[in-house]
There are 2 protein chains.
Amino acid sequence: MSIQYQGLVTHGLASQIADKIKQAILDGALKVDERLPTEEELAQRFAVSRPTIREALKRLAAQHLIRSRRGPTGGTFVNQPTQAETRLMMANATALLVSMGELSLGDIAETRQEIESLCCRLAATRRTDAQLAVMAEEIKRQRDPTLSDQDFCASDVRFHCTLIASAHNPALELAAAGVIESLQPAVNLMIFRFRDRAQVANQHDTLYQALVARDAQGAMSALTHYMDVLTTQYQAAQEASETPKKPRKIKPVTAQAPRHE
Amino acid sequence: MSIQYQGLVTHGLASQIADKIKQAILDGALKVDERLPTEEELAQRFAVSRPTIREALKRLAAQHLIRSRRGPTGGTFVNQPTQAETRLMMANATALLVSMGELSLGDIAETRQEIESLCCRLAATRRTDAQLAVMAEEIKRQRDPTLSDQDFCASDVRFHCTLIASAHNPALELAAAGVIESLQPAVNLMIFRFRDRAQVANQHDTLYQALVARDAQGAMSALTHYMDVLTTQYQAAQEASETPKKPRKIKPVTAQAPRHE
DNA sequence: ATTTCCTATTTGTCTGACAAATGTTACTTT
DNA sequence: AAAGTAACATTTGTCAGACAAATAGGAAAT
């Protein structure tokens, strides 16, 4: 006798209301930038109190589905989700999984290599001159000995993001966001420990030259070498750190989500 | 003169408190399944009222970072993020971007093909017999003429999820989740319109046979054909629908996130 | 010893109110 | 008459207090 319990109030009023509004947005009943009723009106319409409505709205705000403003022309509006926001969300979620030990850095490294590799293949034919210029600029910067370690790491991130952007596929950028960002703390750790900047810059240069020549194979090969060095150095760093008990002490620095509501 | 506004009250008390708690979780100050203070205690500690604390907690609950239970042994606990949950979040976020027109189905199709293709390569060496058995089972089911359209689509999803799982890389599964799920409604549309089941099942079979033989190239080639047919049929379906004004009327059906708090 | 009931604790929801922000409107001044 | 300014109305943000619902532990009765 399998009884259906799903219709009951298993999840709290606020949750149910949040779901209803979310569904309305997804179904298109509420369009982007459309203002939904005031909290009082919503409370009356759902036959609950204003705090309950507010909790529902806060849940949606946490997912960046709505934004709120005070004042006569204020209210709650449907938010247009941007790719940048979604990327950040995915990066945060992935970083959380890593810090909880649900994802191994090895798996992430492999995924990053595979995805960046196919980005190389696509970028070899699709890259624009402007993107090549950005890469060249970053390589030049990475060879500046006066650059701080922190700025060097930032430059490394920008280089790889430009590589992925050169594939000209937003969906691919989205899929790659998580693995790029959540591997970066480990990359930073290595660079801080060994300061092997010249090697990194040279491999970036090799990759860049291959893209200039539209040489997909060359670019993929350069990337493979880059990732190999990274993996090797990371393992060395881990062994050298002499704390094998806590292999994932790397703390994600990428939180800092831009707030706007 | 770039002035730092970050220290001011630009974002509301609840937001700030939510961020503080989130940071505490990410920093490891709050461990998984650890119970944090009661709402009253938190209210006192942050010097705000209980509703404000509640709003902050709701924001975190919306991100599945915490769960709450009533009762003496109840309270608010740090949630262990699971890969399945994170996958669902990413799939929802991607579906939202698609429904808002921020991501084209073409881009997603390309990304899905590329990622599934490399899954084929990895799966050719890593697939287990159990996973092969699941695939064979799904193919067999897909050839059952009494299967409903809905069940057929579900079987298609399961087949591709098994393919990705056969790569044995959780990070890759995560990256693929968004593009798989958000393309599925379009796939469903095609299957519903043309009922071209036999062709789909045969291509699945070809892919399956290649994986049995550990033939990476064969698997990738089969997948390419599958995606080509899909793309062609989708374009045909779109032209046949005679409503070129609204090219993205496909509604994501994948919401239905499991609730548990 | 087991079952049942009571109770304490904690979150969920409600009511009511005030504070802060912000666009509008009316008024005053030049 | 035009422009600046002040008051106002509207809406979200926050607060205070209270009760309801759920739940686990203990007490009491069989």
Side-chain angles (χ1 to χ4, degrees), chain A residues 5-22 25 30 33-79 259-261, chain B residues 5-22 25 30 33-79 259-261:
Chain A
Y5 289 101
Q6 61 183 6
L8 302 183
V9 285
T10 51
H11 295 133
L13 285 174
S15 278
Q16 298 175 45
I17 292 169
D19 269 359
K20 277 197 179 295
I21 297 176
K22 182 176 180 180
I25 294 175
L30 294 171
D33 289 337
E34 183 174 338
R35 173 186 171 171
L36 31 106
T38 67
E39 295 179 349
E40 281 185 48
E41 200 171 343
L42 283 172
Q44 291 176 6
R45 207 177 293 186
F46 283 107
V48 295
S49 70
R50 197 160 85 91
T52 304
I53 289 291
R54 281 188 62 75
E55 288 192 5
L57 294 180
K58 286 306 159 190
R59 294 181 96 100
L60 299 177
Q63 300 172 322
H64 301 135
L65 261 72
I66 58 173
R67 63 179 185 277
S68 296
R69 237 183 34 230
R70 283 193 273 208
T73 63
T76 307
F77 299 85
V78 178
N79 219 5
R259 204 54 64 52
H260 47 83
E261 60 185 308
Chain B
Y5 288 101
Q6 60 182 7
L8 303 182
V9 285
T10 51
H11 294 134
L13 285 174
S15 278
Q16 297 175 45
I17 292 169
D19 271 358
K20 276 196 180 296
I21 297 177
K22 182 176 180 179
I25 294 176
L30 294 171
D33 290 336
E34 183 174 339
R35 173 185 171 171
L36 31 106
T38 67
E39 295 179 348
E40 281 184 48
E41 201 170 343
L42 284 172
Q44 290 175 7
R45 207 176 293 185
F46 283 106
V48 296
S49 69
R50 197 161 85 94
T52 304
I53 289 290
R54 282 189 61 76
E55 288 193 4
L57 294 180
K58 287 304 160 188
R59 296 179 95 98
L60 299 177
Q63 300 172 330
H64 301 134
L65 261 73
I66 58 173
R67 63 178 186 278
S68 297
R69 238 183 34 230
R70 285 193 272 208
T73 63
T76 306
F77 299 85
V78 178
N79 217 6
R259 203 53 65 49
H260 47 83
E261 61 185 309

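These figures come from a predicted structure and were not determined experimentally. Chain letters run A, B, ... following the sequence lines, proteins first and then strands; every chain starts at 1.
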As an exercise, state the distance from CG of A:L36 to CZ of A:F77, rounded to the nearest 0.5 Å. 8.5 Å
Separation of C:dT15 P from A:L13 CG (nearest whole Å): 12 Å
Could you pull out all donor-acceptor pairs under 3.5 Å where a side-chain atom in residues 40-48 of chain A meets a protein atom, sequence neighbours excluded?
unit_1 : atom_1 : unit_2 : atom_2 : d
A:E41  : OE2    : A:R45  : NH2    : 3.4

If you measure from CZ on B:R59 to NZ on B:K22, what distance do you get to the nearest 0.5 Å? 10.5 Å
CG-CD1 distance between B:L60 and B:I21, expressed to the nearest 0.5 angstrom: 5.5 Å
List in chain and number order the residues that pass salt bridge (charged side-chain N to carboxylate O under 4.0 Å, His left out) with A:R50, two or more places apart in sequence or in another chain; answer none if no residue qualifies. A:E39
A:L42 atom CG is separated from D:dT10 atom C1', nearest whole Å, by 16 Å
Rounding to a whole Å, what distance do you find between A:L57:CG and D:dT14:P? 14 Å
Rounded to whole Å, CD1 of B:I53 lies from P of D:dT14 at a distance of 11 Å
In whole angstroms, the gap separating P of D:dC15 from CD of A:E55 amounts to 15 Å
Length of the CZ-C1' vector between A:F77 and D:dT11, whole Å: 10 Å
Main-chain N/O of B:D33 paired to B:R67 side chain as donor or acceptor, under 3.5 Å: no
Are there any protein N/O atoms within less than 3.5 Å of an N/O atom in nucleotides 9-11 of chain C, and if so, which ones and at what distance?
unit_1 : atom_1 : unit_2 : atom_2 : d
C:dT9  : O2     : B:P72  : N      : 3.3
C:dT10 : O4'    : B:G71  : O      : 3.0
C:dT10 : O2     : B:G71  : N      : 3.3
C:dT11 : OP2    : B:E39  : N      : 3.3

